[in-house]
Amino acid sequence: QVQLVESGGGLVQAGGSLRLSCATSGRTSSTYAMGWFRQAPGKERDFVAAINRSGGSTLYADSVKGRFTISRDNAKNMVYLQMNSLKPEDTALYYCAASSYYGGPQYKYNYWGQGTQVTVSS
């Protein structure tokens, strides 16, 4: 069992930056690949970024490539999402999730946090 708690969301102006954090507890976080997803009001939850167990490989959605960076610190059981050059369309509830399958589809993520709200004003 893994528990995930996101933090770091907030209100920011377009062009600004935020760093989201995901604290993991329970089974060692390095056992899992980790991902960030987001859901805007009235829309489906979408993939944002993923990182493998060691942190040596990452994947990004095209919409955030070059602006967002996912990272992890297995010693601290933490996963991060650095978000730069934020746009109003990045406004969403951001979720951290854990999966036994790196790069797998959303349904392969077994554990989810409650989410942290990111709002980008124009």
Side-chain angles (χ1 to χ4, degrees):
Q1 194 74 11
V2 176
Q3 292 79 44
L4 307 174
V5 179
E6 303 94 336
S7 62
L11 175 63
V12 63
Q13 288 189 332
S17 299
L18 281 175
R19 188 197 197 199
L20 305 184
S21 298
C22 175
T24 68
S25 60
R27 291 188 66 182
T28 305
S29 67
S30 60
T31 301
Y32 297 96
M34 300 296 295
W36 286 96
F37 294 79
R38 67 186 182 185
Q39 187 169 21
K43 296 188 177 181
E44 294 185 349
R45 188 166 58 191
D46 291 329
F47 168 77
V48 175
I51 190 166
N52 71 344
R53 291 173 181 79
S54 67
S57 182
T58 56
L59 294 168
Y60 295 94
D62 287 344
S63 58
V64 307
K65 207 171 291 184
R67 300 188 299 123
F68 290 11
T69 303
I70 187 172
S71 61
R72 67 190 299 164
D73 185 337
N74 287 339
K76 296 182 179 180
N77 290 330
M78 295 293 294
V79 181
Y80 306 99
L81 185 68
Q82 178 66 44
M83 305 186 297
N84 299 328
S85 302
L86 282 161
K87 305 175 181 180
E89 51 263 43
D90 294 319
T91 295
L93 188 61
Y94 282 72
Y95 296 92
C96 174
S99 174
S100 299
Y101 303 94
Y102 171 62
Q106 195 170 146
Y107 71 86
K108 290 287 190 181
Y109 285 80
N110 306 98
Y111 304 102
W112 293 82
Q114 294 299 306
T116 184
Q117 179 67 38
V118 171
T119 303
V120 184
S121 63
S122 57

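Atom set for the values below is all heavy atoms of this structure, side chains included, hydrogens, waters and symmetry mates excluded.
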If you compare all heavy atoms of [X] against all heavy atoms of [Y], which two are closest, and at what distance to 0.1 Å?
X    : Y    : value
T91  : Q117 : CG2-NE2, 4.0 Å
K108 : S99  : O-OG, 2.9 Å
Y94  : V48  : CE2-CG2, 4.4 Å
G8   : T116 : N-OG1, 4.1 Å
A40  : A92  : N-CB, 3.8 Å
Y95  : G113 : CD2-O, 3.5 Å

message: Can you pull out every side-chain hydrogen bond (donor to acceptor under 3.5 Å, both in side chains) where at least one residue sits in residues 5-21? Sequence neighbours excluded, please.
response: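 Sorted pair list: S17-N84.
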message: For S57 and Y102, which I'm curious about, is there any donor-acceptor pair between the side chains at under 3.5 Å?
response: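 Result is yes, a qualifying pair exists.
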Determine whether [X] and [Y] make a side-chain contact, defined as any pair of heavy atoms from C-beta on separated by less than 4.5 Å.
X    : Y    : value
V12  : T119 : no
R67  : K87  : yes
R45  : W112 : yes
N110 : S100 : yes

- request: Report the C-alpha distance between F68 and W36 in whole Å, list the side-chain angles of each, state the deciding distance to 0.1 Å, and finish with yes or no for ring-ring contact (aromatic ring centres under 6.0 Å, His included).
  value: CA-CA 11 Å; F68 290 11; W36 286 96; 9.9 Å; no
field: CD-CG distance between Q82 and L20, expressed to the nearest 0.5 angstrom
entry: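 That separation rounds to 8.5 Å.
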query: Does the cation-pi check pass for R72 over Y80, that is, NZ or CZ under 6.0 Å from the six-membered ring centre and within 45° of its axis?
result: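 Output no; distance or angle outside limits.
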query: Just checking, K65 and Y60: is the charged tip under 6.0 Å from the six-membered ring centre and within 45° of the axis?
result: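 Ring-cation test returns no.
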query: According to the interplanar angle, ranging from 0 to 90°, do the rings of Y111 and Y32 count as parallel (below 30°), tilted (30 to 60°) or perpendicular (above 60°)?
result: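 Answer is perpendicular, since the angle exceeds 60°.
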message: Could you check whether any side-chain N or O of N74 sits under 3.5 Å from a backbone N or O of R53, counting only pairs where one atom can act as donor and the other as acceptor?
response: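 Yes, the answer is positive, given that a donor and an acceptor are paired below the 3.5 Å cut-off.
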field: Residue list, side chain to side chain donor-acceptor pair (under 3.5 Å) with Y109, at least two apart or on another chain
entry: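 None.
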task: Could you walk me through whether M34 and T24 pass side chain to side chain contact (heavy atoms under 4.5 Å, CB included), step by step?
output: CA-CA 10 Å; M34 300 296 295; T24 68; 3.9 Å; yes
task: Show the numbers, then the answer: is there a side chain to side chain contact (heavy atoms under 4.5 Å, CB included) between M83 and V118?
output: CA-CA 10 Å; M83 305 186 297; V118 171; 3.8 Å; yes
Residue pair S63, R38: steps toward the side chain to side chain contact (heavy atoms under 4.5 Å, CB included) verdict: CA-CA 12 Å; S63 58; R38 67 186 182 185; 3.5 Å; yes
- request: Evaluate the criterion side chain to side chain contact (heavy atoms under 4.5 Å, CB included) for residue pair L18 and L86; output intermediate values, then yes/no.
  value: CA-CA 8 Å; L18 281 175; L86 282 161; 4.2 Å; yes
